[in-house]
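Heads up, the thing below is written out as structure tokens.
All heavy atoms count here, side chains included; hydrogens, waters and symmetry mates do not. For ligands, and for the atoms within them, numbers begin at 1 and follow the listed sequence.
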Amino acid sequence: MIGDKKVLYSAMQATGGLHIGNYFGALHNWVNLSDEYECFFAVADLHALTIRREPAELRKSARDVLMMYMAAGLDPEKNCLYYQSSVPAHAELAWIMGCFTYLGELNRMTQFKDKSAKHADNINAGLLTYPVLMACDILLYQADAVPVGDDQRQHLELTRDIAERFNGIYGDVFTIPEAYIGKTGARIMSLADPSKKMSKSDENQNSVVYVLDDKDTIIRKFKRAITDSDTSIVYREDKPGIMNLMDIYSVASGKSIEEIEREFDQKGYGEFKLAVGETVADVLAPIRERFEQLSKDKAYVDSIIKNNGEKAAYFAEKTLRKVQKKIGLPERIR
Ligand code: ATP
Ligand code: LTN
């Protein structure tokens with residue numbers, strides 16, 4: 001708790017532009033929850049290092065993600081929007097908590113297995129210890145709730161296990177966090193292959209709709225989305241492409257799946273895809289506009305990065321000191 005509010009924490013990696021999976025699966029929920037909680041939203045730039053990056057590109061991605069948080073409606077005066085790398089406590093606690101995490105646990109993580117297969121030439125230790133750093137992000141702020149997409153569920157379970165293990169030895173040091181996973185939009189699939197999640201790193205860029213894509217591009221991508229040889233718009237397991245489009249339409253329009261089935265009864269895929277494209281484009285247009293305005297205001301964004309980085313560090317340091325004391329490390333000299 002901070003004051004009388006529960007704490008909410010989440011982050012996104014600084015890897016390229018955000019797509020509608022990131023937006024509808026995560027960011028959109030953050031905005032809806034932000035009044036209720038004391039919120040910390042980080043740009044996970046240390047996590048982004050697990051994949052080799054051009055320095056200029058990493059710098060740009062990190063800033064773009066932070067501006068996207070603001071453009072999507074998170075007020076930086078009320079929510080702590082900051083760079084993970086601005087707060088050294090993340091990396092320090094990660095070393096300590098790594099000593100409370102088993103190799104077997106890390107080896108089991110599906111994201112580790114997927115990313116190792118994808119980047120077989122660079123299976124670095126960071127890729128394996130990634131969930132430990134993520135756990136520390138969350139635990140440093142004593143977070144109660146962590147809104148993420150479905151793919152992060154396993155990492156959240158590991159976070160709880162590590163925290164409970166630590167608390168079991170040293171007493172109640174950490175709050176045990178709960179994952180918050182939205183009902184719709186938690187798993188947006190690729191438009192080219194509905195068996196895979198939509199991902200920035202997908203080679204086929206037509207399968208990914210970015211928050212900053214313009215209206216024509218968005219509509220074109222939806223028109224090309226893979227469906228099936230049937231014609232009816234119904235939500236059924238054997239129609240994964242249509243299910244995905246219905247999920248996207250539902251979360252973008254606020255309509256239920258039943259309402260959508262009724263709306264498109266007797267109508268064809270062409271009409272449906274156009275409606276999905278237009279609705280998504282309309283939701284994203286104001287975000288794009290605000291993003292463009294923020295891109296021009298360098299001094300303002302710089303001041304947010306600095307002030308919020310300091311605010312985050314204040315809370316994170318408190319937890320880190322407590323942990324150091326509990327485990328028997330000496331008092332810090334500075
Ligand atoms: P990549 O696509 O390169 O694997 P990513 O987009 O999964 O990266 P992050 O930027 O770290 O990685 O994800 C940020 C948030 O977006 C997380 O909460 C994650 O669960 C959510 N998310 C990512 N992809 C999707 C998706 N396809 N559907 C729903 N939520 C998603
Ligand atoms: N691994 C997460 C990003 C992330 C995160 C976090 C999410 C890093 N630290 C802390 C929630 C809480 C991902 O979405 N790929």
Which residue and atom name correspond to the protein heavy atom nearest atom 13 (O) of ligand 1, and how close is it? Asn22 ND2, 3.4 Å
Hey, which atoms in ligand 1 end up nearer than 4.0 Å to a heavy atom of Gly25? 29 (C), 30 (N)
Pair Arg153 + Glu157, salt bridge at N-O below 4.0 Å: no
Charged N to carboxylate O under 4.0 angstrom, Asp302 versus Lys298? yes
Compute the shortest N/O to N/O distance between Gly21 and ligand 1 and return yes if it is under 3.5 Å, no if not. yes
Mode of Ser199 contact toward ligand 1 - side chain, backbone, both, neither (heavy atoms, under 4.0 Å): both
Please work out whether any backbone atom (N, CA, C, O) or any side-chain heavy atom from C-beta onward of Arg187 is under 4.0 Å from ligand 1, and answer side chain, backbone, both or neither. backbone
Of all the non-hydrogen atoms in the protein, which one sits nearest to atom 12 (O) of ligand 1, and at what distance? Gln13 NE2, 3.8 Å
Assess the residue pair Phe272 and Met246 against the criterion (side-chain contact (heavy atoms from CB on, under 4.5 Å)); give the C-alpha distance rounded to whole Å, side-chain angles, the decisive distance to 0.1 Å, and a yes or no. CA-CA 9 Å; Phe272 175 54; Met246 290 175 85; 3.7 Å; yes
Hey, is the main chain of Pro147 close enough, under 3.5 Å, to the side chain of Ser10 for a donor-acceptor pair? yes
If the cut-off is 4.0 Å to any non-hydrogen atom of Gly149, which atoms of ligand 1 fall inside it? 18 (O), 19 (C), 20 (O), 30 (N)
Flag the pair Tyr141 / His90 as yes when their ring centroid distance falls below 6.0 Å, and as no otherwise. yes
Under 4.0 Å from one or more heavy atoms of Val146, ligand 2 contributes atoms 11 (C), 12 (C)
Does a side-chain N-to-carboxylate-O contact under 4.0 Å join Asp35 and Lys5? no
Close approach, Thr15 and ligand 1, non-hydrogen under 4.0 angstrom: no
Here the atoms of ligand 2 under 4.0 Å from any heavy atom belonging to Val148 are 7 (C), 11 (C)
Indicate yes or no: does an N/O atom of Asp151 lie under 3.5 Å from an N/O atom of ligand 2? no
Between Ile188 and ligand 1, is there a nitrogen or oxygen pair with a distance under 3.5 Å? yes
Please determine whether the number of non-hydrogen atoms from other residues, nucleotides or ligands lying under 6.0 Å from atom OH of Tyr314 exceeds 12. no
shortest atom 14 (C) of ligand 1-to-protein heavy-atom contact is with Met12 CG, 3.4 Å
Salt-bridge contact Lys60-Asp64 (side-chain N to carboxylate O under 4.0 Å): yes
Would you say Asp150 has any N or O atom under 3.5 Å from an N or O of ligand 1, going by distance alone? no
Quick check on contacts: which atoms of ligand 1 are under 4.0 angstrom from a heavy atom of Met198? 24 (N), 27 (N)
Are Lys215 and Asp282 close enough for a salt bridge, meaning some N to O gap below 4.0 Å? yes
Would you find more than 12 non-hydrogen atoms of other residues, nucleotides or ligands less than 6.0 Å from Lys306 atom NZ? no
Would you mind listing which atoms of ligand 1 come within a distance below 4.0 Å of any non-hydrogen atom of Lys115? 4 (O)
Of the protein's non-hydrogen atoms, which lies at the shortest distance from atom 7 (C) of ligand 2, and what is that distance? Ala11 O, 3.4 Å
Nitrogen or oxygen atoms of His155 and ligand 2 under 3.5 Å apart: no
Verify whether one side chain among Asp193 and Ser190 offers a donor that lies under 3.5 Å from an acceptor in the other. no
His19 contact mode with ligand 1 (heavy-atom cut-off under 4.0 Å): side chain
Considering heavy atoms of the protein only, find what lies nearest to atom 29 (C) of ligand 1 and give residue, atom and distance to 0.1 Å. Ala186 O, 3.1 Å
Taking the inter-plane angle between the rings of His19 and Tyr210 on a 0 to 90° scale, is it parallel (under 30°), tilted (30 to 60°) or perpendicular (over 60°)? perpendicular
Could you check whether Gln111 and Asp151, counting side-chain N and O atoms only, form a donor-acceptor pair closer than 3.5 Å? no
State whether the shortest distance between N or O atoms of Ala26 and N or O atoms of ligand 1 falls below 3.5 angstrom. no
Short list, please: which atoms of ligand 1 are under 4.0 Å from a heavy atom of Gln152? 20 (O)
Answer yes when Asp265 and Arg262 have at least one side-chain N-carboxylate O distance shorter than 4.0 Å, and no when they do not. no
Which of the atoms in ligand 2, numbered in the order shown and given with their element, are less than 4.0 Å from a heavy-atom of His47? 8 (C), 9 (N)
How close does the nearest protein non-hydrogen atom get to atom 1 (N) of ligand 2, and which residue and atom is it? Tyr130 OH, 2.6 Å
Does the pair Arg165/Glu105 count as a salt bridge with the N-to-O cut at 4.0 Å? yes
So which protein heavy atom does atom 9 (N) of ligand 2 come closest to, and at what separation? Asp137 OD2, 2.6 Å
Ion pair check, Asp202 and Lys196, cut-off under 4.0 Å: yes
Using a 4.0 Å heavy-atom cut-off, which part of Gln152 comes near ligand 2: side chain, backbone, both, or neither? side chain
Please state which protein non-hydrogen atom is closest to atom 24 (N) of ligand 1 and give its distance, to 0.1 Å? Lys197 NZ, 3.3 Å
Sole candidate of Leu18, Val65, Asn22 that passes side-chain contact (heavy atoms from CB on, under 4.5 Å) when paired with Leu27: Leu18
Could you tell me whether Lys239 atom NZ has more than 12 heavy atoms of other residues or ligands within 6.0 Å of it? yes
Sub-4.0 Å atoms of ligand 2 with respect to non-hydrogen atoms of Gln13: 15 (N)
Look at atom 20 (O) of ligand 1 and say which protein heavy atom is nearest, naming residue and atom and giving the distance to 0.1 Å. Asp151 OD1, 2.4 Å
protein heavy-atom neighbour closest to atom 3 (O) of ligand 1 works out as Ser201 OG, 3.2 Å
Distance to 0.1 Å, residue and atom name: give those for the protein heavy atom nearest to atom 10 (O) of ligand 1. Lys200 NZ, 2.7 Å
When you compare ligand 2 with Tyr9, is there at least one nitrogen or oxygen pair between them that comes in under 3.5 angstrom? no
